[in-house]
Protein chains: 2
Amino acid sequence: MTQSPWQPISPEKPARPVREPLSRERIVDTAMRMLVEQGYEAVSMRKVAQALGTGPASLYAHVANKQELDNLLVNRAAREMEFPEPDPDNWQEQLKASMREMLRVMRAYPGVARAAIGQIPLGEQAMLSTERFLAILKAGNLPDQAAAWAVDLIPLYVTAVAFEESVQRTWEWTEDDIEGFVSELRSYFNSLDPQRFPITIALAGALTSGGSGDERFEFGIQVITAGLASLARQQG
Amino acid sequence: MTQSPWQPISPEKPARPVREPLSRERIVDTAMRMLVEQGYEAVSMRKVAQALGTGPASLYAHVANKQELDNLLVNRAAREMEFPEPDPDNWQEQLKASMREMLRVMRAYPGVARAAIGQIPLGEQAMLSTERFLAILKAGNLPDQAAAWAVDLIPLYVTAVAFEESVQRTWEWTEDDIEGFVSELRSYFNSLDPQRFPITIALAGALTSGGSGDERFEFGIQVITAGLASLARQQG
DNA sequence: TTCGCGGTAGAACGGTGTTCGTCCACGAAC
DNA sequence: GTTCGTGGACGAACACCGTTCTACCGCGAA
């Protein structure tokens, strides 16, 4: 009882607390914007709440926990992916194009990869992209089991690539930093003990090429596509 | 000056603060043991320090930061991997065996995968395993550039698989939990809109099979190996 | 008009990585 | 033999994190 009993109750309303009410939609919108602008690390329950002008506890009325919010972000991103209509004569190129599309979206929302890795994507949009991949793989005449495991393998690879990139982006390297690092790396390889690392030294040039990641990714999807093609049933 | 001036100086030594001095080695040993026994989440700078009977600040005299400690753990784990001598007639099977070996070690040290993902492994032991993989790939007559990118792709895939498993292990699921989840998943697939998810529904069985992960992993290394083989130069 | 209820939100709990500044033991120098 | 400098040890603190407790309050139903 530290308050004076005659204190006026509610001094002319406390600064209009009405505001637009919270909602799942508004929370995901805000989190997504922060993800794009400031990266995954910046998307904390506290900061999302602060951006919405409230406290962290308020979010929990609409979102179960951080993990669910991550899942919602993944699903929101998946909404933007576009896939071709399956064409049996062209399924390998379609598969590659779809993987490129997946990486494109994940690059556009850095941090979504981190949210996506290690979770089974069961949201509406994510399931739709699975369906699209399955359609392409079936057009390629893959056995059911191979197609099923492939739609596990493919997002795993693309997500891992995107995640790796996003981790390195966290370190905030400029183009020059990368160039410097690559040349340092090359001379590090060359300084190794030739007795123990003969091949690493011989391939120092090849090992340090393709730093941008695009070429490496192209290589990866080529390997996966060719590997899957080798499992396709002859004819149809 | 709150102390009494006649107070005896150093009351028979303050509980022997000598102890064995800290060192990088001791820190990594302790962290590794905690990683094995309690998982990655339990390995914090504070807890490692506590296990060593000191405060967190003491570690920073020997280890730059948490990330460096993670790297040291990765390198320590890589020390345990064993690779076959390259055999040109058997390189595909050797490649698969090496990937299995890599996964085996990463499973033995849950959390190492999490520490490894998104970093270029430049430690002594990690470089050695790269060298071994290169030897096998060269035995398979892969072009230099393909071999170089392959030793990027291969650890990326294995690490991603191990990381995914370790994330799911964090959730502490029993065998029964998994079974229940899989059957739930199956009925979820079957409850989807047949208009929009025809293939997902048709393949519900295949999609939910191989829950243990071993079969999925075997599929993955088969795809990668076959894909790489398709890039090998004809003959030598 | 009253009551109940659900969204809001401040405060707090128990954690995290990292840094600051103090203290002290030890080896080198005088 | 004594002094001094230095580097490791480390308690305390900083700025965060996800989550929960609990009080409050406005609004719709009764």
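Computation of the quantities below employed the complete heavy-atom set of this structure, encompassing side-chain atoms and omitting hydrogens, waters and symmetry-equivalent molecules. In what follows, chains are A, B, ... by sequence order, proteins preceding strands, each numbered from 1. In this text, all values refer to a predicted model and were calculated from it rather than measured experimentally.
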Does B:Phe189 have its ring centroid less than 6.0 Å away from the ring centroid of B:Phe197? no

Do A:Lys66 and A:Asp70 meet the salt-bridge criterion of a basic N to acidic O distance under 4.0 Å?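 The answer is yes: the pair qualifies as a salt bridge.
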
Within this structure, what is the [atom1]-to-[atom2] distance between [X] and [N], rounded to whole angstrom?
{"X": "B:Ile27", "N": "D:dC10", "atom1": "CD1", "atom2": "P", "value": "11 Å"}
{"X": "B:Gln50", "N": "C:dG17", "atom1": "CD", "atom2": "P", "value": "13 Å"}
{"X": "B:Lys66", "N": "C:dT16", "atom1": "NZ", "atom2": "P", "value": "10 Å"}
{"X": "B:Leu59", "N": "C:dT16", "atom1": "CG", "atom2": "P", "value": "13 Å"}
{"X": "A:Glu68", "N": "D:dT19", "atom1": "CD", "atom2": "P", "value": "11 Å"}
{"X": "B:Leu69", "N": "C:dG17", "atom1": "CG", "atom2": "P", "value": "10 Å"}
{"X": "B:Asn65", "N": "C:dT16", "atom1": "CG", "atom2": "P", "value": "17 Å"}
{"X": "B:His62", "N": "D:dC10", "atom1": "NE2", "atom2": "C1'", "value": "12 Å"}

Between the side-chain atoms of B:Arg46 and the base atoms of C:dG15, is any donor-acceptor pair under 3.5 Å? no

If you check every side-chain atom of [X], which of [options] has the closest atom?
{"X": "B:Tyr60", "options": "C:dA9, C:dT18, D:dA9", "value": "C:dT18"}
{"X": "A:Ser58", "options": "D:dA9, D:dA12, C:dA9", "value": "C:dA9"}
{"X": "A:Ser44", "options": "C:dT8, C:dT18, D:dG18", "value": "D:dG18"}

Measure up the B:Phe163 and A:Phe163 rings against each other and bin them: parallel (under 30°), tilted (30 to 60°), perpendicular (over 60°). parallel

When you measure from the side-chain N and O atoms of A:Thr54 to the phosphate of C:dT8, is any distance below 4.0 Å, counting only OP1 and OP2? no

Side chain to side chain, B:Val158 and B:Phe217, heavy atoms closer than 4.5 Å: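 They are in contact (side-chain heavy atoms under 4.5 Å apart), so the answer is yes.
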
Heavy-atom nearest nucleotide on DNA chain D for A:Lys47 versus A:Ala57: which residue maps closer to 5'? A:Lys47

Atom of A:Val161, atom of A:Leu103 and distance for their closest heavy-atom approach: CG1-CD1, 4.1 Å

